[in-house]
Amino acid sequence: MSWEVVMGLEVHLQLATKSKIFSGAANQFGADPNVQACAVDLGMPGMLPVLNSEALRYAVMFGLAIDARLGKRSVFDRKNYFYPDLPKGYQVSQFFEPIVCEGQFDIPMEDGSLFPVRITRAHLEEDAGKSVHDAYTGQTGVDLNRAGTPLLEIVTEPDFRTAAQAVAYLKALHSLAIYLGISDGNMAEGSMRCDINISLRPTGSEAFGTRTEIKNVNSFKFVEKAIAIETERQQDVLESGGTITQETRLYDADKNETRAMRSKEVANDYRYFPEPDLLPIIIDDEYIDAIKGALPELPRIKRSRFMSDYELGQYDAALLVDTPTLANYFEAAAIKSKAPKLTANWILGDLAGALNRENLEIGESPVSAEALAGLIIRIADSTLSSKLAKQVFEGLWQHEGTADAIIETRGLKQVTDTGALEAMVDQVIANHPDQVTQYRAAEESKQKKLVGFFVGQVMKASKGQANPQRLNTLLISKLGES
Amino acid sequence: MPTIPADVLSVAQLARLRIDEAALDDVTDRFGRTLDLVAQLEQIDTEGVIPMSNPHDMQQRLRADEVTESNQREALQKTAPAVADGFFLVPKVLD
Amino acid sequence: MTREALTTASATELSSALKTAEISAVELTKACIDAISAHNGSINAVVTLCEESALAEAKAADLQLRDGTAGPLTGIPLLHKDIFCTQNVATTCASKMLANFIPPYDATVVSRLRAAGTVMLGKTNMDEFAMGSSTETSVFGVTRNPWDLNCVPGGSSGGAAAAVAAGFAPLSTGTDTGGSIRQPASLCGVTGLKPTYGRVSRLGIIAFASSLDQAGPMTRTVEDAALMLQAMSGVDAGDSTSADLDVPDFTAGLNQPIAGLKIGIPKEYFNHNLDQRVAEKIHEALDELVKEGAELIDIDLPHTEQGIATYYIIAPAEASTNLSRYDGVRFGHRCDNPQNLTDLYERSRSEGFGEEVQRRILVGTYALSAGFYDAYFKKAQQVRRLISEDFQKAFERCDVIAGPAAPGTAFPLGAKSDDPLAMYLEDIYTLSVNLAGLPGLSIPAGLIDGMPVGLQLIGRSFDETTLLRVGHRFQLCTNHHRAKPTLAGAKP
């Protein structure tokens with residue numbers, strides 16, 4: 001039987017505010033245990049929450065960015081459960097009336113299409129603390145520095161059918177968060193964590209199967225792997241006649257497996273009810289319009305603009321707008337070089353490859369946008385062949401100066417002068433009479449292949465600097481003369 | 001609907017309370033009587049009435065995003081039952 | 001001023017004597033401490049006495065009084081209910097759960113009253129986590145009513161009411177979630193004001209039911225209550241539910257006449273639930289107000305009876321989750337040798353919380369649980385709105401509402417402790433006021449067989465001014481508030 005995978009995603013995005021969502025404690029990663037947990041964060045007796053204005057603004061920015069309906073009246077609720085990293089015994093979240101309601105987020109896919117993802121809701125809530133399991137014998141250490149970090153939980157409809165779609169969505173979401181400046185997007189530090197709701201159903205079936213929820217997957221790679229391994233597991237269970245238990249599972253990256261979480265064995269009854277220590281949040285049009293007016297150019301807008309202004313395909317444009325830094329780099333280089341398509345190819349090809357090898361971000365590139373544009377200009381005007389261009393790029397990477405300077409010092413100028421080329425061609429023809437005879441005797445279809453030999457010889461003679469297009473034309477014409 | 005000890009035990013489990021077996025019948029009885037009292041509300045017609053969470057029709061005030069709290073770990077952990085190296089300690093937690 | 005007056009005079013009178021240097025703050029503080037030392041053994045109203053710091057604060061107050069920087073409350077001794085967090089002073093909520101808890105911070109009310117120059121004598125007894133109407137559920141043992149040591153003082157602010165009545169302090173703070181200031185004020189013959197919800201910051205007050213809790217003054221006179229409320233009131237950036245409204249000058253209009261004022265009398269407050277002798281006292285009190293020119297109007301508060309059911313869903317529901325933080329992890333009681341996490345939670349909580357607290361946690365948890373939320377919690381929130389609307393309708397026809405604060409006078413210790421439902425009835429006239437968030441004042445209205453009766457006045461939202469004016473007028477033309485219990489019978 002063939003199966004269809006059905007997935008919905010819940011992403012917890014940590015918001016990059018200076019202070020916590022409900023207290024004035026610092027919102028920073030990596031401090032010593034509990035030094036950033038104030039009395040409010042610890043749920044000390046008598047302490048009360050007050051909402052951080054910036055957390056609200058970030059949530060509204062996100063809602064506007066995905067054209068969602070905004071909850072003009074939204075309410076915080078308490079989600080009740082006991083866990084050592086949850087100081088008050090409840091998490092302040094938004095259950096009944098979230099700040100961001102239905103929206104749609106179009107995800108650019110590799111094949112150039114757009115994959116629409118329906119956003120169910122996005123709501124504000126507080127993060128929990130962290131438990132340290134290995135440091136103490138028989139005991140768990142609880143660090144509440146993270147408790148009260150503002151989170152935006154973004155929930156989708158069960159729209160995903162493949163891991164590629166899920167990962168593309170997460171990447172687009174990550175990109176959007178960076179554009180909006182609402183999160184640092186540092187996945188290794190848990191700034192963006194993903195829960196995957198996943199079920200299988202026979203292909204063609206309408207009804208959903210029983211789902212499991214894989215908690216807290218925090219890298220794109222692990223998302224892909226977790227989906228693959230859980231799909232396999234569920235398929236095995238179903239095909240051997242078993243049934244899927246609705247449960248929360250954990251992805252173990254070391255063992256590449258998912259397993260049921262023991263702490264979630266008891267079905268939770270969260271007893272949501274409106275948080276009486278906070279009042280309804282009311283936002284008016286004036287507030288919304290002010291935020292809307294201050295939004296940066298969003299990835300989707302930039303993508304369309306790159307497609308029309310620079311004649312780029314959907315996918316290339318999507319790759320280039322991934323981060324504002326990359327998009328700015330491209331745009332600066334493209335404007336200077338006046339060859340946007342070529343610029344895009346170089347950035348996504350050689351530059352990306354080189355950065356990747358050295359583990360560098362675009363912002364750390366040794367080759368500036370201006371320097372790259374200098375190179376592109378010389379390719380566009382045929383000064384450089386693609387082969388020579390790679391050498392010049394090498395030089396740029398090593399900080400040897402501008403493209404022109406490198407061409408000069410390394411003597412990499414392409415030979416385009418017809419007279420000089422002609423001389424070399426004549427010499428090669430004279431030196432290889434047998435091959436010339438063979439060429440002339442061959443059928444037209446085979447000649448195309450045989451000309452390669454002569455190209456190689458001339459290239460050798462020119463130390464690779466002969467302009468390949470001109471050389472080709474010249475050779476065909478000369479060999480044709482008899 | 002009469003309240004039975006099993007109901008009380010499941011609610012107690014949710015609330016992380018342990019009820020002595022000896023006291024269970026008594027607790028159940030009093031719990032049941034309280035529920036009988038509050039069951040009076042069934043008779044009131046509340047069709048279309050908006051639930052009231054707070055006495056006033058006021059809205060949430062916002063706090064400026066500023067760090068106002070410095071490290072107070074020592075003071076805040078002074079009466080903590082078990083700490084080590086700044087961590088609060090609990091019996092081993094299984095995930 | 002006589003030595004006896006030091007423990008019976010109003011704060012206003014004491015303040016005048018302090019300002020004219022007739023007495024000193026140290027002298028006054030010592031007199032209060034002496035009274036506590038003499039009688040607290042039998043009354044058990046004070047659970048923590050801060051003798052040393054109180055005397056230091058009194059000395060500082062005397063300096064202020066001398067250099068002319070003193071305010072109306074400078075040098076006046078006061079006691080805080082043990083639900084208010086007091087920096088470096090044990091704050092227990094009368095629970096084993098918090099027996100060892102010493103907060104590193106002050107409640108806003110505490111810091112405001114400190115800033116006003118009051119002298120903190122210590123902390124008063126209460127029902128555990130403020131859940132009760134008799135101050136019998138305290139881990140420190142029962143508080144006794146100074147008027148009759150065999151009777152309860154009411155609750156949950158029973159220690160505060162008893163302390164003011166017994167001459168331990170002219171001022172004390174209380175909190176009122178369903179009547180916990182007004183009912184003990186009534187039973188102990190003192191003045192108690194529950195302000196409008198949001199008038200006084202809840203920050204640093206250990207929460208019982210967040211949407212109902214409100215702190216207020218417990219005093220010997222309405223005038224003192226006005227002074228104290230003035231110091232306690234006002235928006236607090238740290239409490240989202242505190243109201244961002246201008247605080248009126250509560251003492252300014254106290255002496256204005258009440259002629260022409262319309263006083264609503266809800267017939268539901270005078271039915272079979274009320275002790276008929278109390279009804280008579282209340283009617284006598286109302287007659288006094290009529291003599292002053294007030295007009296009585298019959299009004300209806302049709303959902304009064306259902307107020308109890310509504311309250312006993314909403315308050316426990318909120319409490320059940322407010323009390324989840326007591327888990328033995330960061331503060332408070334922790335059981336010995338927990339075997340695992342569940343054991344830590346269950347034993348710490350079952351050992352740390354008393355019976356009534358556990359009962360309310362169970363009821364509240366049940367009311368919020370899956371499948372019951374709509375039938376219980378949501379329904380109660382709907383009825384809460386109906387109750388609030390009853391009051392709004394009533395206030396279209398009157399300026400204040402008057403009635404009893406409690407259905408009877410103080411009852412014997414233990415009389416209702418085995419019957420929670422009988423105990424819940426104690427708050428029938430007060431808890432609707434919390435549900436609607438309105439201000440309520442209880443003032444002494446005479447004695448029945450030597451036991452005090454309280455007249456309750458209920459006002460419009462944020463209109464404490466009118467309540468205080470009516471209450472003050474009543475105290476100008478009657479002497480009920482001057483009646484004092486005889487403590488001779490008390491064992492020193």
Side-chain angles (χ1 to χ4, degrees), chain B residues 3 7-8 10-20 23 26-28 30-31 33-56 58-64 68 72 74-83 88-94, chain C residues 100-102 104 197-198 211 237 240-241 243-244 303 305-306 308-310 312-313 320 327-332 334 338-347 349-350 353 358-359 361-363 365-367 369 375-376 378-386 388 420-421 424 435-438 461:
Chain B
T3 316
D7 297 340
V8 175
S10 72
V11 178
Q13 190 191 26
L14 259 185
R16 298 296 185 275
L17 292 172
R18 186 171 297 176
I19 296 170
D20 269 354
D26 205 30
V27 172
T28 305
R30 290 183 174 193
F31 179 77
R33 280 196 281 152
T34 309
L35 291 188
D36 289 344
L37 166 77
V38 301
Q40 286 178 10
L41 294 190
E42 282 170 27
Q43 306 149 11
I44 303 175
D45 180 12
T46 52
E47 183 75 35
V49 178
I50 300 164
M52 181 169 157
S53 299
N54 189 280
H56 306 304
M58 290 183 178
Q59 67 183 70
Q60 180 60 35
R61 273 195 301 276
L62 302 175
R63 186 175 60 77
T68 54
Q72 298 148 46
E74 200 190 323
L76 293 171
Q77 290 191 338
K78 213 166 228 166
T79 65
V83 289
F88 295 99
L89 293 184
V90 295
K92 191 102 185 154
V93 174
L94 306 170
Chain C
N100 67 354
F101 182 61
I102 300 169
Y197 182 85
S211 78
S240 299
T241 63
D244 192 1
H303 294 95
E305 195 100 3
Q306 288 87 1
I308 298 184
T310 307
Y312 278 96
I313 292 171
S320 72
D327 58 3
V329 177
R330 297 164 314 286
F331 44 78
R334 175 182 218 156
Q339 297 306 299
N340 52 49
L341 192 61
T342 305
D343 190 41
L344 167 74
Y345 286 151
E346 293 188 351
R347 274 204 294 134
R349 289 167 61 76
S350 297
F353 293 135
Q358 294 194 45
R359 175 160 46 246
I361 291 174
L362 288 177
V363 169
T365 302
Y366 183 81
S369 63
Y376 287 91
K378 189 177 160 207
K379 182 85 180 179
Q381 283 197 320
Q382 289 174 312
V383 179
R384 181 177 188 177
R385 188 170 296 281
L386 297 179
S388 175
L421 301 195
Y424 296 169
L435 289 167
L438 304 173
S461 232

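Letters go in sequence order (proteins before strands), and every chain restarts at 1. All heavy atoms count here, side chains included; hydrogens, waters and symmetry mates do not.
Contact tally against chain B (heavy-atom pairs below 4.5 Å) for C:Ser320, C:Gly328, C:Ser350: the top residue is C:Ser350. Contacts with chain B were tallied for C:Tyr197, C:Phe331, C:Phe101; C:Tyr197 has the most, counting heavy-atom pairs under 4.5 Å. Most heavy-atom pairs under 4.5 Å with chain B: of the set C:Ile308, C:Thr342, C:Thr241, C:Asp343, this distinction falls to C:Asp343. Comparing C:Ala436, C:Ser369, C:Ala309 by how many heavy-atom pairs each has under 4.5 Å with chain B, the most go to C:Ala309. The greatest number of non-hydrogen atom pairs below 4.5 Å with chain B, out of C:Glu305, C:Arg347, C:Gln358, C:Lys378, is found for C:Gln358. Ranked by heavy-atom pairs under 4.5 Å with chain B, the list C:Asp244, C:Asn100, C:Val329 is led by C:Val329. Interface summary for chain C: among B:Ser10, B:Ala15, B:Ala80, the most heavy-atom pairs under 4.5 angstrom belong to B:Ala15.
Using a 4.5 Å heavy-atom cutoff, the side chains of C:Arg359 and C:Pro420 are in contact. Inter-residue side-chain proximity for C:Ser461 and B:His56 is flagged as met; some heavy-atom pair is nearer than 4.5 Å.
With rounding to the nearest 0.5 angstrom, the CZ atom of C:Arg349 is 5.0 Å from the CG atom of B:Leu17. Atoms CG and NZ, on C:Asn340 and B:Lys92 in that order, are 13.5 Å from each other to the nearest 0.5 Å. To the nearest 0.5 Å, the span separating CG on B:Leu35 from CZ on B:Arg30 amounts to 14.5 Å. Note that CG of B:Asp7 and OH of C:Tyr366 are 6.0 Å apart. Values are rounded to the nearest 0.5 Å. Here the CD1-CG distance, from C:Ile361 to B:Leu14, works out to 12.5 Å after rounding to the nearest 0.5 Å. Interatomic distance, CD of C:Gln381 versus CG of B:Asn54, reported as 10.0 Å (0.5 Å rounding).
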Enumerate, atom names and distances included, each donor-acceptor pair closer than 3.5 Å involving a side-chain atom of residues 41-50 of chain B, sequence neighbours excluded.
unit_1	atom_1	unit_2	atom_2	d
B:Asp45	OD1	B:Glu47	N	3.0
B:Thr46	OG1	C:Lys379	NZ	3.1
B:Thr46	OG1	C:Gln382	OE1	3.1

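Both the backbone and the side chain of C:Ala380 come within contact range of chain B, with heavy atoms under 4.5 Å apart. Only the side chain of C:Leu421 comes within less than 4.5 Å of a heavy atom of chain B; its backbone N, CA, C and O stay farther away. Looking at C:Ser240, both its backbone and its side chain come within 4.5 Å of chain B, counting heavy atoms on both sides. In this structure, the portions of C:Leu362 lying under 4.5 Å from any heavy atom of chain B include both its backbone and its side chain. Only the side chain of C:Arg334 comes within contact range of chain B, with at least one heavy atom under 4.5 Å from a heavy atom of that chain. Residue C:Asp327 does not touch chain B at all, counting heavy-atom pairs closer than 4.5 Å. With a 4.5 Å cut-off on non-hydrogen atoms, C:Leu435 touches chain B through its backbone but not through its side chain. Contact annotation for C:Ala375: neither backbone nor side-chain heavy atoms come within less than 4.5 Å of a heavy atom of chain B. Heavy-atom distances place no part of B:Leu62 under 4.5 Å from chain C, backbone and side chain included. Proximity to chain C (any heavy atom under 4.5 Å) is shown, for B:Val90, by both the backbone and the side chain.
Shown here are the side chain to side chain contact (heavy atoms under 4.5 Å, CB included) partners of C:Ala237, two or more places apart in sequence or in another chain: there are none.
At a cut-off of 3.5 Å, with distance as the only test, a side-chain donor of C:Arg384 or C:Ser211 sits close to an acceptor on the other residue.
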